[in-house]
Amino acid sequence: MSEATASWWRSAVFYQIYPRSFQDGNGDGIGDLRGIRSRLDYLGDVLGVDALWMSPFYPSPMDDFGYDVADYCDVDPVFGDLADFDALLADVHERGMHLIVDLVPNHTSDQHAWFRASRSSRDAPKRDWYVWRDGKGPGAPPNNWPGVFGGPAWEWDEATGQWYLHSFLPSQPDLNWRNREVREAMYDVMRFWLDRGADGFRIDVAHYILKDPDLRDLPLRDDIGETGFKALGEYDRYQHVHNKGHPDVHEVFREMRAVLDEYTPERFAVGEIHDFDVHSWASYYGKGDELHMPFDFSLLWAPWSAERFRELIDEVEAAIPERGWPNHVLGNHDETRLATRFGRGAVRGSAVLLCTLRGTPTLYYGDELGLSEVEIDVERQQDPWGRRVPGLGRDGCRTPMPWDGSEHAGFCPPDAEPWLPLGPEAGERNAAAQAADPGSVLSLYRALLAYRRRSPSLRLGDYAAIDGVPAGCFAHLRTHPGSPAVAAAVNFTGEPMTVPGLPAGSIVVSTGMDRAGEPVRGSVRLGPHEAVVVEAG
Ligand code: NOJ
Ligand code: CA
């Protein structure tokens with residue numbers, strides 16, 4: 001694919017913002033749209049990302065901090081209003097950046113007008129907009145499906161004498177995507193944001209929206225193995241073959257794509273699709289007529305191992321259909337911070353991989369500072385998941401962004417109380433301190449992203465792993481016609497090593513002491529946890 005024909009989202013670097021935690025603009029201790037708008041210089045000029053994804057900012061009771069939407073077409077007063085959204089989007093576009101918003105189509109809040117109407121009576125016109133069923137007997141839900149956040153996936157409604165399905169919290173009832181009116185209503189929601197100029201969507205649990213039409217019981221698992229980074233407890237006892245990912249979902253994705261394709265310039269969608277089988281995961285690329293890509297979480301859940309990384313990257317590269325485009329995610333608002341999950345030694349090497357592998361990277365706010373997971377005292381915990389299933393809370397990766405060395409790290413005024421505490425490292429590990437330090441993680445990201453912008457090989461080139469490297473090293477080569485080839489080599493270990501098989505050229509970015517400009521003749525010496533990017537020529 002040439003520069004001229006490549007879509008903007010292929011060569012973009014995305015940055016995920018968790019709106020509650022990025023920047024407070026009105027002094028109530030909670031991040032908001034005005035706050036985000038005030039930090040665009042940092043995102044565009046200091047860091048140098050191209051596109052933003054904002055987690056939900058819609059009116060919501062905040063049972064799941066916005067993933068329980070009470071109105072898809074407005075802004076919660078905590079975050080601002082539609083005028084704030086329009087102003088933010090205009091500023092993003094003025095900088096030549098893109099903005100995608102979160103679409104939560106699987107479930108609404110139980111406070112959404114649609115659900116209120118649906119639960120009002122058995123013959124309400126919107127009854128069928130949600131999944132209502134009789135139980136198997138007194139007190140027994142319709143099937144054995146568990147909710148992701150603990151407890152059964154069914155809630156009894158006393159007034160109408162039926163159960164409703166909720167894959168997540170009881171206050172997040174699942175919509176019935178087999179109902180045509182539901183589909184059309186959600187496509188109108190998409191148009192609402194696209195008409196305002198949004199560049200597309202991150203689609204929440206996209207594959208959950210279609211289930212087995214007969215709602216059959218789930219079989220139990222006979223092996224409890226590796227299913228992701230966080231063990232889901234009770235939920236993990238089942239094979240989730242009927243409660244999500246029904247093949248009919250592809251038809252919905254084609255319909256969603258058709259809505260996106262009504263617009264120019266090109267609009268984009270990425271699906272949050274957790275699927276542990278690489279081939280089944282790759283099926284979500286469709287024939288180029290569904291969502292543009294499913295998020296690839298394979299590295300996020302992997303151990304920090306060069307061999308495992310190579311295996312996963314090669315597997316994914318082989319499984320993606322020819323027209324598909326890879327993407328990489330190493331952190332998000334649901335997972336333990338990368339620096340804690342992989343270990344501190346992995347922070348810089350993982351930055352090099354995220355910014356050099358073939359495909360679109362999505363960087364989670366704060367990971368560019370190498371933030372650690374923050375321990376939150378039980379009494380300050382906010383996440384409903386952690387409150388329901390101790391140990392599974394996600395607050396530790398959602399703490400306020402540390403901007404500077406002042407009180408509350410510049411996230412909110414000194415006299416405000418931030419909605420979650422800042423981590424103990426905010427005094428040193430903050431954006432201002434790191435921007436001034438050429439040896440910081442932020443400076444590394446800046447250098448990587450600046451080089452990536454200049455390098456068609458990194459943005460659009462082919463990928464090949466480099467063979468013959470020592471154990472504990474992963475190295476790969478990116479090539480694109482008319483542009484110098486680029487290699488990246490990462491030492492995953494605490495021992496120094498010599499890496500052969502690299503092209504002759506010179507180092508353009510390094511994680512250790514500044515080695516930019518150092519010539520490379522076939523091999524390079526790497527210190528513990530060191531990584532380099534080498535340009536051929
Ligand atoms: C996935 C989101 O990433 C997560 O934060 C949320 O709690 C669930 N979907 C439910 O919407
Ligand atoms: Ca605020």
Side-chain angles (χ1 to χ4, degrees), residues 16-39 53-58 60-70 72 75-81 84 88 101-110 112 147-150 153 165-175 201-209 228-230 232 235 243-244 270-274 294-295 297 300 329 331-336 362 364 382-389 392-398 400-401 408 410-413 415-420:
Q16 182 191 352
I17 291 175
Y18 196 66
R20 289 185 83 80
S21 301
F22 201 59
Q23 176 66 59
D24 178 15
N26 66 349
D28 64 357
I30 302 176
D32 46 51
L33 300 185
R34 267 173 35 202
I36 295 169
R37 193 170 161 217
S38 72
R39 294 294 186 181
W53 148 35
M54 285 198 297
S55 284
F57 48 81
Y58 316 111
S60 163
M62 304 290 169
D63 288 356
D64 189 17
F65 294 111
Y67 283 98
D68 47 327
V69 181
Y72 288 102
V75 173
D76 193 284
V78 158
F79 298 119
D81 56 24
D84 291 324
L88 170 62
V101 299
D102 220 302
L103 184 73
V104 188
N106 180 69
H107 44 268
T108 67
S109 160
D110 63 353
H112 196 293
V148 175
F149 291 155
L165 179 67
H166 60 87
S167 295
F168 295 88
L169 293 173
S171 58
Q172 292 170 300
D174 283 31
L175 284 159
F201 303 96
R202 173 269 189 185
I203 302 188
D204 190 64
V205 287
H207 61 323
Y208 267 76
I209 60 181
F229 181 70
K230 282 196 168 155
L232 301 180
Y235 189 82
N243 52 350
K244 59 182 177 182
V270 56
E272 186 205 14
I273 294 180
H274 296 265
F295 266 141
F297 298 120
L300 178 85
V329 180
N332 64 32
H333 65 294
D334 292 326
E335 305 290 341
T336 304
T362 301
Y364 182 51
Q382 304 273 351
D383 182 18
W385 196 357
R387 289 171 170 219
R388 290 166 68 93
V389 190
L392 293 189
R394 299 163 291 180
D395 296 326
C397 69
R398 298 175 174 180
M401 176 78 171
H408 306 318
F411 164 73
C412 61
D415 56 349
E417 180 68 11
W419 80 285
L420 278 176

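First listed ligand is number 1; within each ligand, the first listed atom is number 1. Note that this is a predicted model, so its numbers are computed, not measured.
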Fill in the blank from the handout: Protein-side N, O or S atoms sitting under 3.0 Å from the Ca ion (ligand 2) are Asp24 OD1, Asn26 OD1, Asp28 OD1, Ile30 O, Asp32 OD2
Exercise for the section: May I ask you to identify the nearest protein heavy atom to atom 6 (C) of ligand 1, giving residue, atom name and distance to one decimal place in Å? Expected result: Asp64 OD2, 3.3 Å
Practice task
Check Ser55 against Gln16 and note the closest heavy-atom contact, atom names and distance.
Solution key: OG-NE2, 3.2 Å
Exercise for the section: For Phe149, check ring-ring contact (aromatic ring centres under 6.0 Å, His included) against everything at least two apart and list the hits. Expected result: Phe168, Trp385
Problem - Carboxylate-amine/guanidinium proximity below 4.0 Å for Asp64 and Arg394 - result: yes
Completion exercise
Restricting to heavy atoms, the pick from Asp334, Val148, Asp383 nearest atom 4 (C) of ligand 1 would be Asp334
Problem - Arg398: numbered ligand 1 atoms lying under 4.0 Å from its heavy atoms - result: 5 (O)
Problem - Atoms of ligand 1 close to Phe149 [distance to a heavy atom under 4.0 angstrom, numbered from 1] - result: 7 (O)
Handout entry: Residues which pass ring-ring contact (aromatic ring centres under 6.0 Å, His included) with Phe201, listed by chain and number, not counting sequence neighbours
Key = none
Handout entry: Heavy-atom pair with the smallest gap, counting every atom of Pro170 and Arg388
Key = CD-NH1, 3.6 Å
Handout entry: Inter-residue atom distance Asp102.CG - Tyr67.OH, 0.5 Å rounding
Key = 3.5 Å
Practice task
For Arg202 and ligand 1, answer yes if some heavy atom of the residue is under 4.0 Å from a ligand atom, otherwise no.
Solution key: yes
Practice task
Determine whether any heavy atom of His274 lies closer than 4.0 Å to an atom of ligand 1.
Solution key: no
Fill in the blank from the handout: Paired with Pro105, the side-chain contact (heavy atoms from CB on, under 4.5 Å) test is passed by just one of Asp174, Leu175, Val205, Ile209, namely Ile209
Practice task
May I ask you to list the atoms of ligand 1 that are less than 4.0 angstrom from any heavy atom of Arg394?
Solution key: 4 (C), 5 (O), 6 (C), 7 (O)
Problem - atom 2 (C) of ligand 1 [closest protein heavy-atom partner, distance rounded to 0.1 Å] - result: Asp204 OD1, 3.1 Å
Exercise for the section: For this output row, return yes or no: ring centroids of Trp53 and Phe295 closer than 6.0 angstrom. Expected result: yes
Problem - Phe79: ring-ring contact (aromatic ring centres under 6.0 Å, His included) partners, not counting sequence neighbours - result: none
Exercise for the section: Dump the intermediate steps for side-chain hydrogen bond (donor to acceptor under 3.5 Å, both in side chains) on Asp110 and Ser171, then the final yes or no. Expected result: CA-CA 5 Å; Asp110 63 353; Ser171 58; 4.9 Å; no
Fill in the blank from the handout: So the atoms of ligand 1 within less than 4.0 Å of a heavy atom of His107 turn out to be 10 (C), 11 (O)
